[in-house]
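Written below as structure tokens is the structure these notes are about.
Everything numeric in this text was worked out from a predicted model, so none of it was measured. Chain identifiers are assigned alphabetically (A, B, ...) following the order of the sequence lines, protein sequences preceding nucleic acid strands; residue numbering begins at 1 within each chain.
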Amino acid sequence: MFPVKFQTVNGFKDILPDEAVRWRRLEEQARAVFRRFGLREIRVPIIESTELFARAIGEATDVVEKEMYTFADKGLTLRPEATAGLLRAYIEHGLHVQQPVQRLFTIGPMFRHERPQKGRQRQFHQIDVEIIGASEPGIDAELMAMAQMLLNELGLKVSLEINSIGCPQCRPGFRTKLVEYLNKRLDGLCEDCRRRIHTNPLRALDCKNKGCKETVQAAPSILDSLCSDCDTHFAFVRQQLDALGVQYALNRFMVRGLDYYTRTTFEFITNELGAQSAVAAGGRYDGLIEQLGGPAKMPGIGFGMGMERIVLLMEQQADKEESADRADCFVAALGGQALTFAAPFVHQLRCLGFVAAIDYSCRSLKAQMKQADRVKARFVLMIGEEEIARQEAALRNMGTQEQSAFSLHGTAGELAARLAELITEKGKHEQAYC
RNA sequence: GUGAGCGUAGCUCAGCUGGUGGUAGCACCGGGUUGUGGCCUCGGCGGUCGUGGGUUCAAGUCCCAUCGCUCACCCCA
């Protein structure tokens, strides 16, 4: 039984080097945008106590009920989302004392035991942003504007939908009204939604079933049931979005899957990801911090951005750009003696900060040139018997095909420094690579 | 947890109503260029047809089981 083939387990994926280029671009762009908005990075463990997630996300949610990777005997769980862990860290370290408003982001893997499909893995990655300690509606608008800026700069076309789901003061009233409405129209609802009336009636509002969609069209709107504080808040959010030039659509049917959300909720959506539509989503969670044992009445708002989904969109939508993985100089060594020259040389070039490559196999020059081409080398330095005899290597510019002699007198360090100067100098004149 | 579809070379795929696994494309290696890349050209490497059973003179093809993957439902980023 020896030729056991191992493979990634279901729902987990390798990100191979070619694809990792896109991931890196996403992360770098995110960091660049976040810096402009004064966000600071925080890194927290991917394992927390099961109890933390149960409290934050809600005991009755699908995520907690059936999707968590839990080590039952240890009371620990792989995080299914990032907010809970960040807030735990915020509270544990008393960050609010240092700075009343904390603007934080983190990037990393999350885990949910769901059946995988397009744009959904069991290990998936999120860019997560939280602004804690500020309740002003301007914050809500700024956060959405920032997410949109990032998506725009990645070259993606997605749309923004917003809603307000009220607060513990006004939502129960709406819930009652909605249940009343739904109960009168059971015929128009799918089986799931009839069940939802008892478990989570708001979910019926965003059911994909056609009949439910029609039935729900005339349902009472949450926006008409907001208390005056929530209503004022949401009006300001919309006004601010307009002022910032952020395009959005109001979606009174939008609901959240996690219990902690209050007031403003939003989703950046696309119809180019199969059954998945949200690429980033979030909202306010004004009661959550207190609920987790933090300071009373501490507000917060945040969003998660699904990196797999963004990367899929980047593949489909964004301009293909040339990979930056490019060698400055490839040193072709022909024969063992040449290697003793070439290797220290390449090492010195690398010390000087250049991307240098070498092939130790001593294959034919043709083969090595092909290899140089594959690593997109801008220059190739050729060292063979003749060159060693003459003490002059050949330096070839791969873009222009120009070739010149390069004296081999001096120590490896001196030679590398001179070569570095040469390839920098020549590289300035021809950016184009054909 | 539920449903549907698909497993042939490293990758993308042909393979008809069962009748010898494809000069297939890409990639890789080598020759054409006694030491010069991309384009071209010629050649080479590469497969227990996911696995196990069954039907048949004969199975990549039909049937059953099993494993894996994909998509969708639920739910969610």
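Nucleotides B:G38 and B:C29 are separated by 12 Å at their P atoms, to the nearest Å.
Checking B:G35, B:C73, B:G38 against the side-chain heavy atoms of A:L334 singles out B:G35 as nearest. Residue A:R115 places its side chain closer to B:C73 than to any other of B:C76, B:G37, B:C73. Listed nucleotides B:C75, B:C73, B:U36 differ in distance to A:E114; the shortest reach to its side chain belongs to B:C75.
A 3.5 Å limit on both hydrogen-bonding distances identifies B:G54 as the Watson-Crick or G-U partner of B:C62. Across all strands shown, B:U20 forms no Watson-Crick or G-U wobble pair with both distances under 3.5 Å.
Residue A:N10 places none of its side-chain N or O atoms closer than 4.0 Å to OP1 or OP2 of B:G68. Contact check, A:Q117 against B:C71: no side-chain N or O comes under 4.0 Å of OP1 or OP2. Regarding contacts with the backbone of B:G35, every side-chain N or O of A:R363 stays at 4.0 angstrom or more from both OP1 and OP2. The phosphate of B:C76 has neither OP1 nor OP2 within less than 4.0 Å of any side-chain N or O from A:R309. In this structure, A:R396 does not reach the B:G35 phosphate: none of its side-chain N or O atoms is under 4.0 Å from OP1 or OP2. Between A:R195 and B:C74 there is no side-chain N or O to OP1 or OP2 distance below 4.0 Å.
Salt bridge absent: A:K118 and A:E272 never bring a charged side-chain N and a carboxylate O closer than 4.0 Å.
Within 4.0 Å of A:R112, counting heavy atoms only, lies at least one base atom of the nucleic acid. Residue-level contact check: A:A394 touches neither bases nor backbone, having no heavy atom under 4.0 Å from any strand.
To the nearest angstrom, P of B:G32 lies 7 Å from NZ of A:K366.
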